Amino acid sequence: MKVTKFGTKKSRIHCSDSGYCQRDSAEHEGYGRALTEKRITENNITDANSGVNGLLERILDRENLNRAYKQVKKNKGSHGVDGMEVEHLLQYLKDNGDELRKTILEGKYRPKPVRRVEIPKDNGKKRQLGIPTVVDRVVQQAIQQVLSPIYDPIFSETSYGFRPKRSAKDALKKCEKYANEGYTYVVDMDLEKFFGAPG
């Protein structure tokens with residue numbers, strides 16, 4: 001790590017072994033490196049042993065899986081690469097549910113590829129959408145139902161994306177509140193291509 005000054009504010013440059021560097025101003029100390037050992041959450045509450053043993057068993061609990069199935073059925077949605085529609089899901093789970101649970105517990109479960117479709121955006125462009133199979137959606141929902149109550153409380157209060165009881169409308173209301181307080185800038189960040197290939 002190199003430490004240098006730019007103007008009157010201290011700035012840190014973090015460089016990985018691969019040569020990628022990231023500048024981090026002193027105001028955001030602790031946020032400069034994604035894998036820092038200090039302050040990895042907004043309120044720094046992290047305890048890997050806080051009663052979360054047996055997570056996989058909790059995820060695969062029949063009651064949790066039933067709730068996940070009901071949520072996927074309620075959301076409807078299109079089929080994945082295997083062509084199975086939501087209305088065929090219940091019979092599939094009755095016939096194959098025990099085997100599905102077993103393959104997950106044994107670490108042999110492999111999600112199917114997502115079906116790629118393009119949907120139009122308001123600006124005339126198209127956005128790629130990945131549609132998992134309905135079975136994979138049940139597994140994802142079951143995981144979310146167990147993990148979300150654990151990790152959501154440690155997220156930043158100013159984070160609105162894909163969180164329970166929060167929406168883009170809530171984010172806009174917060175922006176309006178800040179504007180009324182005299183703030184003049186809003187930064188809208190889209191991480192769509194953050195994890196994609198460079199270029």
Side-chain angles (χ1 to χ4, degrees), residues 31 34-36 39-117 119 127-174 189-196:
Y31 290 93
L35 299 177
T36 182
R39 194 166 175 86
I40 60 172
T41 63
E42 179 69 15
N43 56 15
N44 212 28
I45 298 172
T46 54
D47 183 0
N49 299 314
S50 59
V52 292
N53 294 333
L55 277 177
L56 193 54
E57 289 75 13
R58 287 168 56 189
I59 289 166
L60 297 175
D61 176 75
R62 289 188 187 279
E63 185 179 323
N64 187 54
L65 286 170
N66 283 334
R67 282 196 314 131
Y69 159 73
K70 289 176 184 176
Q71 187 62 48
V72 169
K73 184 180 178 188
K74 179 182 171 186
N75 292 345
K76 299 179 182 175
S78 185
H79 64 83
V81 294
D82 61 358
M84 185 190 302
E85 301 284 352
V86 174
E87 54 264 24
H88 302 124
L89 181 57
L90 181 59
Q91 189 59 51
Y92 176 87
L93 292 174
K94 284 181 179 178
D95 295 342
N96 302 284
D98 288 337
E99 182 63 24
L100 176 65
R101 293 175 77 245
K102 183 179 175 209
T103 58
I104 294 172
L105 278 169
E106 292 175 352
K108 296 176 182 174
Y109 175 76
R110 296 295 177 267
K112 298 267 192 301
V114 295
R115 183 167 68 95
R116 296 286 177 192
V117 296
I119 57 173
R127 179 170 72 93
Q128 276 215 341
L129 186 67
I131 304 175
T133 66
V134 290
V135 174
D136 287 340
R137 295 204 299 261
V138 169
V139 174
Q140 291 169 3
Q141 180 65 34
I143 293 168
Q144 186 272 333
Q145 287 170 179
V146 171
L147 294 187
S148 185
I150 296 169
Y151 63 70
D152 191 70
I154 63 175
F155 281 179
S156 169
E157 274 302 308
T158 57
S159 173
Y160 290 91
F162 303 100
R163 293 184 64 193
K165 299 179 183 171
R166 289 172 181 249
S167 68
K169 289 180 182 177
D170 295 318
L172 287 172
K173 285 178 188 172
K174 181 63 82 170
M189 291 183 284
D190 187 350
L191 297 180
E192 176 189 358
K193 299 203 170 31
F194 182 78
F195 296 102

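Here the structure is a predicted model, which means the values were calculated and not measured.
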Over all heavy atoms of both residues, which pair between Tyr109 and Val139 is shortest? Give the atoms and the distance, please. OH-CG2, 3.7 Å
In Å and rounded to the nearest 0.5 Å, what is the CG to CZ distance from Asn96 to Arg101? 13.5 Å
Could you tell me whether the side chains of Gln144 and Gln140 share a donor-acceptor contact shorter than 3.5 Å? no
Do Arg115 and Ser78 have a side chain donor and acceptor closer than 3.5 Å? yes
Treating Arg166 as the side-chain partner and Gly161 as the backbone partner, does any N or O pair qualify as donor plus acceptor under 3.5 Å? no
Val114 and Val81: side chain to side chain contact (heavy atoms under 4.5 Å, CB included), yes or no, with the steps? CA-CA 6 Å; Val114 295; Val81 294; over 6 Å; no
How close do Pro164 and Ser148 get, counting heavy atoms only, and between which atoms? CG-OG, 3.9 Å
If a pair satisfies salt bridge (charged side-chain N to carboxylate O under 4.0 Å, His left out) and one of its residues is in residues 69-95, list it, with sequence neighbours excluded. none
Give me the atom names and distance for the closest heavy-atom approach of Val134 to Val72. O-CG1, 4.3 Å
Smallest separation among heavy atoms of Met84 and His79, with atom names: O-CB, 3.3 Å
Interatomic distance, Arg110 atom CZ to Thr103 atom OG1 [nearest 0.5 angstrom]: 9.5 Å
Do Leu55 and Leu147 have side chains that get closer than 4.5 Å, going by heavy atoms? yes
Reported CG-to-CZ distance for the pair Leu56 and Arg58, which is rounded to 0.5 angstrom: 11.5 Å
In short, Lys165 meets Asp170 closest at the heavy-atom pair O-OD2, 3.7 Å
Quick one: does any side-chain atom of Asn66 pair with a main-chain N or O of Arg62 as donor and acceptor, under 3.5 Å? yes
OH of Tyr69 to CG of Leu93: how many Å apart, nearest 0.5 Å? 7.5 Å
Rounding to 0.5 Å, atoms CD1 (Ile59) and CG (Leu65) come to a distance of 9.5 Å
Any sub-3.5 Å donor-acceptor pair from Gln128's side-chain atoms to Val117's backbone N or O? no
Salt bridge (charged side-chain N to carboxylate O under 4.0 Å, His left out) contacts in which one or both residues fall within residues 140-153, not counting sequence neighbours: Asp152-Arg163
Just wondering, are more than 12 heavy atoms of other shown residues or ligands nearer than 6.0 Å to CZ in Phe162? no
Nearest 0.5 Å please: distance from the CG atom of Asp136 over to the CD1 atom of Ile131. 13.0 Å
